[in-house]
K.L.:
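Submitted below is the structure of interest, expressed as structure tokens.
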Amino acid sequence: KIKPAIENYFKEQLVKIRTKAELDHDIMNDFRQDMMRISSGIIGQEKTEKLAGMYEKYIEEEKKRKEANCNKKSECE
């Protein structure tokens with residue numbers, strides 16, 4: 001149920017023309033908040049917050065893994 005709702009959201013959002021600054025803002029704020037709102041309506045706030053926490057943990061672990069495996073400075077960016 002979440003996947004189609006998110007897909008429909010992005011079908012509308014990805015056709016909008018934005019400046020680089022607007023896109024960066026939307027990526028860091030609006031998209032995430034809207035996805036949280038969509039999933040909360042489907043699976044509830046508690047499960048949504050739990051999944052968001054798991055995603056944040058995954059991102060942090062990926063950053064650490066990437067930094068640990070870097071052989072060249074350019075690969076670490």
Side-chain angles (χ1 to χ4, degrees):
K1 291 182 181 182
I2 293 174
K3 184 177 178 178
I6 298 292
E7 287 174 346
N8 287 334
Y9 168 78
F10 277 110
K11 282 180 185 176
E12 293 176 17
Q13 293 297 316
L14 294 178
V15 296
K16 292 182 180 178
I17 297 174
R18 298 174 172 87
T19 65
K20 171 88 166 92
E22 290 170 332
L23 181 59
D24 289 344
H25 176 270
D26 288 351
I27 289 170
M28 296 302 294
N29 298 299
D30 296 344
F31 293 163
R32 182 182 172 112
Q33 290 172 0
D34 290 342
M35 286 188 287
M36 296 271 295
R37 181 184 47 76
I38 291 167
S39 63
S40 290
I42 296 170
I43 63 172
Q45 185 68 27
E46 186 176 328
K47 287 182 180 179
T48 298
E49 289 174 1
K50 183 178 179 179
L51 288 172
M54 292 167 63
Y55 177 74
E56 290 294 327
K57 183 178 177 182
Y58 168 77
I59 294 298
E60 288 300 316
E61 289 172 357
E62 283 297 301
K63 284 181 186 177
K64 289 177 186 177
R65 184 193 58 76
K66 184 178 178 182
E67 289 172 2
N69 292 328
C70 286
N71 294 323
K72 299 178 183 175
K73 186 176 181 180
S74 63
E75 294 177 4
C76 296
E77 297 174 357

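Note that the coordinates shown come from a computational prediction; the quantities given were computed from them, not determined experimentally.
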K.L.:
Do R65 and E62 sit within salt-bridge range, that is, some charged N less than 4.0 Å from a carboxylate O?
P.N.:
yes
K.L.:
Any ring-ring contact (aromatic ring centres under 6.0 Å, His included) pairs touching residues 17-36, not counting sequence neighbours?
P.N.:
F10-F31
K.L.:
May I ask you to test the E7-K3 pair for a side-chain heavy-atom distance under 4.5 Å?
P.N.:
yes
K.L.:
Find out if a path of hydrophobic residues (ILVMFWY) with successive side-chain heavy-atom gaps under 4.5 Å connects M35 to M54.
P.N.:
yes
K.L.:
Linking I/L/V/M/F/W/Y whenever their side-chain heavy atoms sit closer than 4.5 Å, directly or via other members, would Y58 and I2 fall into one cluster?
P.N.:
no
K.L.:
For K20, what residues pass the salt bridge (Lys or Arg N to Asp or Glu O under 4.0 Å) criterion, not counting sequence neighbours?
P.N.:
D24
K.L.:
Following the transitive rule for hydrophobic clusters with a side-chain heavy-atom cut-off under 4.5 Å over Ile, Leu, Val, Met, Phe, Trp and Tyr, establish whether Y55 and I43 coincide in one cluster.
P.N.:
no
K.L.:
CD of E22 to CD1 of I27: how many Å apart, nearest 0.5 Å?
P.N.:
12.0 Å
K.L.:
If you group Ile, Leu, Val, Met, Phe, Trp and Tyr by side-chain heavy-atom gaps below 4.5 Å, do I6 and V15 land in one group?
P.N.:
no
K.L.:
List the atom of D30, the atom of Y9, and the distance in Å for their closest heavy-atom pair.
P.N.:
O-OH, 3.9 Å
K.L.:
Return the OG to CD distance between S40 and E49, rounded to the nearest 0.5 Å.
P.N.:
7.0 Å
K.L.:
Among the clusters formed by ILVMFWY side chains lying less than 4.5 Å apart, do M36 and I42 turn up in the same one?
P.N.:
no
K.L.:
Tell me if the CD atom of E56 is crowded by more than 12 foreign heavy atoms within 6.0 Å.
P.N.:
yes
K.L.:
Answer yes or no: is there an ion pair linking E60 with K57, defined by an N-O contact shorter than 4.0 Å?
P.N.:
no
K.L.:
Distance from L23 atom CG to Q13 atom CD, nearest 0.5 Å?
P.N.:
10.5 Å
K.L.:
Quick one: closest heavy-atom pair of K16 and E12, and the distance?
P.N.:
CG-O, 3.8 Å
